[in-house]
Student: 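Dropping a structure here in structure tokens format, bear with me for questions.
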Amino acid sequence: MRPLFTKVLSAALAASTLSAYSPLVSAENARDTKVVFEDDFEAGDSKWEFLDPETWKHNPAEGKSGNASIEITDRKSEYSPPTRSPGHVALVKNLEVGSCEIQFRVKSTLDTGNHRDCCVFFGYQDSAHFYYVHLGAKPDPHSGQIMIVNDAPRLALTTNEKLTPWDNDWHNVLLRRDVESGTIEIFFDDMETPHMSVVDKTFGKGRVGLGSFDDLNAFDDVVIRELH
């Protein structure tokens, strides 16, 4: 089995969506980091809590060059959050982080049009209090934004107008958060220029996870680093 970090670098180099590989942390943004979680799903999905296990599956690696992954299998979910927010949520077990980087690869497996998306969850306190990034294909006030759920239906913290360039290939995503400054940045394939950014200090340290609002995705090569 290849080390996970080597797999991530190899995947980034090979990704057709990148003309050239950029470091995850540029020199000007470099900070002391510590890897606190990583999962390439080669050993299964036991490190994750799925809020609706029936809509997720583990895909074992196939062949010598195949990679394992987890995948959302149904747009509908039996999980019913207390206020309007994403229905597909997979949270890392036994981990809470403050300032951090959340890195992963994602593949959209169904073209659902303007709201084709994946979500990154962080600062998760409970099912009614958390942040998430919605990487929707075409932004509007409820899609393609950095969002907050604070005991009320999800609310956009950004007024993003950038399209998320989904296709049927794997993409590289990085979320970087600094709880002291409140800065939140999300990168999509381009690891030098944020796809979206905002400043908000509502929630501090919390759980993190992956998923979607109601779309189908596969995820692989998750690495979480604490920033110091």
Student: Between Glu101 and Arg176, is there a side-chain N and carboxylate O pair less than 4.0 Å apart?
Tutor: yes

Student: Please find the pair of heavy atoms, one from Glu96 and one from Lys205, that lie closest to each other, and give the distance.
Tutor: O-CE, 3.2 Å

Student: Once you measure the plane-to-plane angle for Phe122 and Tyr131, does it fall in the parallel (<30°), tilted (30-60°) or perpendicular (>60°) bin?
Tutor: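 The arrangement is parallel - the two ring planes meet at less than 30°.
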
Student: Determine the minimum heavy-atom distance between Val179 and Arg177, stating which atoms define it.
Tutor: CG1-CZ, 3.6 Å

Student: Tell me which one of Phe187, Phe104, Phe188 satisfies ring-ring contact (aromatic ring centres under 6.0 Å, His included) with His171.
Tutor: Phe188

Student: With a 4.5 Å cut-off on side-chain heavy-atom distances among I, L, V, M, F, W and Y, is there a chain of contacts connecting Val120 to Ile146?
Tutor: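 Looking at the clustering, Ile146 is in the same group as Val120.
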
Student: Ignoring hydrogens and angles, state whether a donor on the side chain of Trp56 or Asp45 is under 3.5 Å from an acceptor on the partner side chain.
Tutor: no

Student: Which pair of non-hydrogen atoms, one from Ala68 and one from Glu42, has the smallest distance, and what is that distance?
Tutor: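 Taking Ala68 first and Glu42 second, the nearest heavy atoms are N-OE2, 3.3 Å.
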
Student: Do other residues, nucleotides or ligands put more than 12 heavy atoms under 6.0 Å from the NZ atom of Lys47?
Tutor: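 It does: Lys47 NZ has more than 12 such atoms within range.
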
Student: Test side chain to side chain contact (heavy atoms under 4.5 Å, CB included) on Asp215 and Leu110 and set out the steps.
Tutor: CA-CA 7 Å; Asp215 273 284; Leu110 181 67; 5.6 Å; no

Student: According to a 4.5 Å side-chain heavy-atom criterion applied to Ile, Leu, Val, Met, Phe, Trp and Tyr, with indirect links allowed, do Phe50 and Leu95 form part of one hydrophobic cluster?
Tutor: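 Yes, one cluster joins them.
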
Student: Please report the closest heavy-atom contact between His142 and Asp140, naming both atoms and the distance.
Tutor: N-OD1, 2.7 Å

Student: Do Asp221 and Arg105 sit within salt-bridge range, that is, some charged N less than 4.0 Å from a carboxylate O?
Tutor: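 Yes, this pair counts.
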
Student: If we ignore hydrogens and angles and just use 3.5 Å, is the side chain of Ser197 paired with the main-chain N or O of Pro194 as donor and acceptor?
Tutor: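 No: the side chain of Ser197 does not pair with the backbone of Pro194.
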
Student: Would you say the ring centroid of Trp170 lies under 6.0 angstrom from that of Phe219?
Tutor: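 No, the ring centres sit 6.0 Å or more apart.
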
Student: Would you say Lys162 has more than 12 foreign heavy atoms packed within less than 6.0 Å of its NZ?
Tutor: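 Check passes, neighbour count above 12.
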
Student: Going by heavy atoms in the side chains, are His134 and Met147 under 4.5 Å from each other?
Tutor: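 Answer yes - side chains close enough.
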
Student: Any chance you could measure Cys119, atom SG, to Leu135, atom CG, to the nearest 0.5 Å?
Tutor: 7.5 Å

Student: May I ask you to check whether Gln125 and Arg207 show a side-chain donor-acceptor distance below 3.5 Å?
Tutor: no

Student: So Arg154 and Phe213, do their side chains get closer than 4.5 Å, heavy atoms only?
Tutor: yes

Student: Please check if the number of heavy atoms outside Glu78 that lie under 6.0 Å from its CD is greater than 12.
Tutor: no

Student: Do Thr158 and Asn160 pair up side chain to side chain, a donor and an acceptor below 3.5 Å, judged on atom types alone?
Tutor: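 There is no such pair (donor and acceptor under 3.5 Å, judged by atom type) between the side chains of Thr158 and Asn160.
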
Student: Heavy-atom distance under 4.5 Å between the side chains of Ser85 and Phe130, does that happen here?
Tutor: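 Counting from C-beta outward, Ser85 and Phe130 do come under 4.5 Å.
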
Student: Give me the atom names and distance for the closest heavy-atom approach of Ser212 to Asn217.
Tutor: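 Minimum heavy-atom contact is CB-ND2, 3.5 Å.
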
Student: Of the non-hydrogen atoms in Gly136 and Ser143, which two are nearest, and what is the gap between them?
Tutor: CA-OG, 3.5 Å

Student: Check the pair Thr164, Arg116 against side chain to side chain contact (heavy atoms under 4.5 Å, CB included), reporting the backbone distance first and the verdict last.
Tutor: CA-CA 9 Å; Thr164 303; Arg116 190 179 194 181; over 6 Å; no

Student: Angle class for the Phe121/Tyr132 ring planes (parallel below 30°, perpendicular above 60°, tilted otherwise)?
Tutor: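 Correct class here is tilted.
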
Student: Give a yes or no on whether Tyr124 and Ile102 share a hydrophobic cluster (residues Ile, Leu, Val, Met, Phe, Trp, Tyr; joining criterion: side-chain heavy atoms under 4.5 Å apart).
Tutor: no

